[in-house]
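Position 1 is the first residue of the sequence, and the numbers go up from there.
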Amino acid sequence: MVRDWHGWFGTFNGVVLITVIVLPLAVLAVWALARRRRAAGTTSAWRTSLADVGIVYGTIPWVWMIMLPGDQAGAVPGRVTVVPLRDLFTIFSDGGPLTATVQVVGNLLVFAALGFFAPLRFPALASVPRVLSLAAGCSVLVETAQYVLRLDRVSSVDDVLLNAARAGLAALASRRWWRDTPDTPTDRRPQPAPAAGR
């Protein structure tokens, strides 16, 4: 049971509860943004509003969770693992199936929303390699922050690989909705030229 401020903001359970509680606010934000954009004549108002809110709502809780300090935060130096796949093998061999599943699935979900919605919102990101690069860059920033802030967490290249991989898969899942043209107000879109001879 969550009883105090630390329970709400400093534990996995608290972050999950807050995420569930603010879901209606996220839905309301999508509606309000879409209504405002439609009034301004923006095309695809619902799609872009859903993407904006989806990126934030689907990413911040996961980043928040992986930035929670461990039991010895500040007391132990940062740890780094740069050998690819070594941490994954260690998790599967020493941690047991449940621990391995939680760790891997958690890392896969961190930037999934970013990978799914970013190409829908930003046409410049409408390619899997660009989404992979974006997610890898964001993941490197998070891992670096964990190390610098001494959060009693291991900064691992495997986390970067998993985060980027899931973002790429999420981008593929949303590929059918990608658009090649950015959102522009309908009254500013170029009008077709009149036919010759009229």
Closest non-hydrogen atom pair, Gln146 against Val154:
OE1-O, 3.9 Å
Closest heavy-atom pair, Asp52 versus Arg121, reported as atoms and distance to 0.1 Å, is OD1-NE, 2.7 Å
Check: Thr81 and Ser155 side chains under 4.5 Å, non-hydrogen atoms
no
Flag yes if Ile21 and Phe12 sit in one hydrophobic cluster, no otherwise; membership is Ile, Leu, Val, Met, Phe, Trp, Tyr, and two members link when side-chain heavy atoms are under 4.5 Å apart.
yes
Check the pair Cys138, Leu114 against side chain to side chain contact (heavy atoms under 4.5 Å, CB included), reporting the backbone distance first and the verdict last.
CA-CA 10 Å; Cys138 292; Leu114 179 67; 4.2 Å; yes
Pairwise distance OG(Ser156) to CG(Leu161) - rounded to 0.5 angstrom:
8.0 Å
Given side chains that start at C-beta, do those of Trp46 and Trp31 come closer than 4.5 Å, heavy atoms only?
yes
For the CZ atom on Arg38, are there more than 12 heavy atoms of other groups (residues, nucleotides or ligands in this structure) within a distance under 6.0 Å?
no
Indicate, with yes or no, if Tyr147 and Val142 share a hydrophobic cluster defined by side-chain heavy-atom contacts under 4.5 Å among Ile, Leu, Val, Met, Phe, Trp and Tyr.
no
Would you give the length of the straight line joining atom CG of Leu33 to atom OG1 of Thr42, rounded to the nearest 0.5 angstrom?
11.0 Å
With hydrophobic residues grouped by side-chain heavy-atom distances under 4.5 Å, do Val148 and Val82 end up in a single group?
yes
Flag, side chain of Ser139 to backbone of Ala135, donor-acceptor distance under 3.5 Å:
no
Which atom names give the shortest non-hydrogen contact between Gly168 and Leu132, and what distance separates them?
CA-CD2, 3.8 Å
Decide yes or no for Thr19 and Leu23: does some side-chain heavy atom of the first lie under 4.5 Å from some side-chain heavy atom of the second?
no
Work out which heavy atom in Val131 is nearest to a heavy atom in Pro119; give both atom names and the distance.
CG2-CG, 3.6 Å
For Met67, is there any backbone N or O sitting under 3.5 Å from a side-chain donor or acceptor partner on Arg153?
no
Flag yes if Trp62 and Val140 sit in one hydrophobic cluster, no otherwise; membership is Ile, Leu, Val, Met, Phe, Trp, Tyr, and two members link when side-chain heavy atoms are under 4.5 Å apart.
no
Distance from Asn163 atom CG to Glu143 atom CD, nearest 0.5 Å?
7.0 Å
First locate atom CH2 of Trp64, then atom CZ of Phe9, and finally report the distance between them rounded to the nearest 0.5 Å.
5.5 Å
Side chain to side chain contact (heavy atoms under 4.5 Å, CB included) between Val15 and Trp8, worked out
CA-CA 6 Å; Val15 175; Trp8 281 104; over 6 Å; no
Working note: Thr11 + Met65, criterion side chain to side chain contact (heavy atoms under 4.5 Å, CB included); need CA distance, chi angles, decisive distance, verdict.
CA-CA 8 Å; Thr11 65; Met65 280 192 256; over 6 Å; no
If you compare all heavy atoms of Phe116 against all heavy atoms of Ala170, which two are closest, and at what distance to 0.1 Å?
CD1-O, 3.4 Å
Please report the interatomic distance OG(Ser174) to CZ(Phe117), rounded to the nearest 0.5 Å.
8.5 Å
Could you go through the side chain to side chain contact (heavy atoms under 4.5 Å, CB included) check for Thr59 and Val110 one step at a time?
CA-CA 6 Å; Thr59 303; Val110 173; 5.6 Å; no
Are Leu120 and Leu125 connected in the hydrophobic side-chain network, where two residues link if heavy atoms are under 4.5 Å apart?
yes
Which atom names give the shortest non-hydrogen contact between Ser49 and Val30, and what distance separates them?
CB-O, 3.6 Å
Just verifying a value: how many Å separate Ile55 CD1 and Phe111 CZ, rounded to the nearest 0.5 Å?
12.0 Å
